[in-house]
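The figures here come from the full heavy-atom set of this structure, side chains too, leaving out hydrogens, waters and symmetry mates. Chain naming here is simple, since letters A, B, ... match the order of the sequence lines and numbering starts at 1 in each.
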Protein chains: 2
Amino acid sequence: MTVSRRATGPGRARGRGVPDATVARLPLYLRILRALAEQGTSTVSSEELAAAAGVKSAKLRKDLSYLGSYGTRGVGYDVAYLVYQVSRELGLTQDWPIVIVGIGNLGHALANYGGFASRGFRVAALFDADPRRVGELVEDHEVLPMGELAPVVGELGAAIGVIATPAGAAQGVCDRLVAAGVRSILNFAPAVLAVPDGVAVRKVDLSIELQILAFHEQRNAVPGPVPDGAGSGPGELVQTGRRSRA
Amino acid sequence: MTVSRRATGPGRARGRGVPDATVARLPLYLRILRALAEQGTSTVSSEELAAAAGVKSAKLRKDLSYLGSYGTRGVGYDVAYLVYQVSRELGLTQDWPIVIVGIGNLGHALANYGGFASRGFRVAALFDADPRRVGELVEDHEVLPMGELAPVVGELGAAIGVIATPAGAAQGVCDRLVAAGVRSILNFAPAVLAVPDGVAVRKVDLSIELQILAFHEQRNAVPGPVPDGAGSGPGELVQTGRRSRA
DNA sequence: CGTTGTGAACGTCTTCACAGCA
DNA sequence: TGCTGTGAAGACGTTCACAACG
């Protein structure tokens, strides 16, 4: 499914073709590796790194093995080297200008979010359809009218767009982003977007997340103590039980 | 993994034990069903509903089959009835008071987010550690100091907590929420949380979402036109290609 | 000796294809 | 006839267990 090249014959190819599930975990590993680097740790074992990420060590080793053989047996992984390799695999060695459409409460929060810049993402332009919001200054950026979207996206070479509009406006905004050349979209609007082949969409739906938790609560409220163990991964329903500090 | 009861012997049990992947899609189906109901549609086929959700019809039918046999062969599903059944399965027939900790940009946006109320979630209290924010009025709620967390959570009977603090504060806030009786946590802080067994955590990491899109961009930039088809589901890397309107 | 890297087993999720029913 | 519900097959992801190796 999706987008990664499942390559060369059986058993997944040499180097190319990182599984989706692995790609979804790499940013987490990267965050932890960076924290380790900052605190001066130069080497880390799969056991330690896995514990910090909340996954099993075998999973972590298999994930990293798709990128190459970057560890040293009997020793572990060199933190700085691994940071570089993971960053490169994710395409974070370059700068990604992003545009945000819909500068309401959420759009504001996203425009101000500090976590982007440190990962190679630069909020390059903000757009809103509401004339009353156009011209407003948000974090060094003037909110632009929708008419400016195509020319500005083209000029910036922005490949990633964020939709933070109401649901009703999302598809129209999506179409305009795609027409302007955006090929990756992060959608916060509670709407299913239709896009042409070759355009990637990821969605974040806050209400859906809560509903999944409600399911957990309801199921747990009925029978008594929780009967299961922990699990991990991006597709998992919920994470439960992580005894000690990460 | 996780939390749902995988029950009664082989082949998954009668009625009980909805797979995680299915649970994660139910809120999406529910949203579409509600929209259909509002526009007066009384019956829908698996094909139509699946198209609107961006999944294959067989997947949708299998998903719904875990809840019971609520369709009519040769006809389809009764929209209103299905809305009720899905809501019940998700535990949305009751009201869920939620508390939000960390009323910065994101916390503000969450407190104001309209999508919660319509799904049975009620923002019941807001907390912040910063004395300058305490007392502030956000959407009918006065921001409370952290000292109030335990008593207020207990009084409200809040089972779901949202963490929107900086990463460094997340684990401490999490511990206090758990101590106060919260059993489900939605974490927006970029931190891996350690929780005791029986507490469910779901995380939303905005920066991770962008990094996954960056991976897609980088991979696509190299070889040329996108070589794959579409896919769907909550664990998927990215959704690509959804030709027509949903 | 300790830790990585990985083949093989296992479990889960998706898709196919069609039997079964209204 | 048309659509649902589902067994079976296949794809994917995780875990185990150990060979390979610094």
Is B:Arg219 paired with A:Glu89 through a side-chain N to carboxylate O contact shorter than 4.0 Å?
yes

Let me know the distance between CZ of B:Arg25 and C1' of C:dC13, rounded to the nearest Å.
8 Å

In this structure, CZ of A:Phe188 is separated from CG of A:Leu186 (nearest 0.5 Å) by 4.0 Å

Minimum-distance nucleotide (side-chain atoms of B:Lys59 versus C:dT14, D:dT4, C:dT4)
C:dT14

Residues in salt bridge (Lys or Arg N to Asp or Glu O under 4.0 Å) with B:Arg34, at least two apart?
none

Separation of atom CG in A:Asp63 from atom P in C:dT4, rounded to whole Å:
14 Å

B/S/- contact track for nucleotides 16-22 of chain D, protein heavy atom under 4.0 Å:
BB-BBBB

Testing A:Tyr77, A:Tyr81, A:Tyr84 for ring pair (Phe, Tyr, Trp, His ring centres under 6.0 Å) with A:Tyr70, which one passes?
A:Tyr81

Are a donor atom and an acceptor atom from the side chains of B:Arg61 and B:Ser46 found within less than 3.5 Å of each other?
yes

Tell me the interatomic distance from B:Gln85, atom CD, to D:dT4, atom P, rounded to whole angstroms.
16 Å

Nucleotide nearest A:Ala21 (side chain, heavy atoms from C-beta), chosen from D:dT4, C:dG5, D:dG13:
D:dG13

Closest-nucleotide 5' rank along DNA chain C - winner of A:Tyr70 and B:Thr22:
A:Tyr70

Between CD of B:Glu47 and P of D:dG2 the distance, given in whole Å, is 14 Å

Take A:Arg119 and B:Leu210, measure what side-chain contact (heavy atoms from CB on, under 4.5 Å) needs, and give me the verdict at the end.
CA-CA 9 Å; A:Arg119 307 295 190 291; B:Leu210 282 181; over 6 Å; no

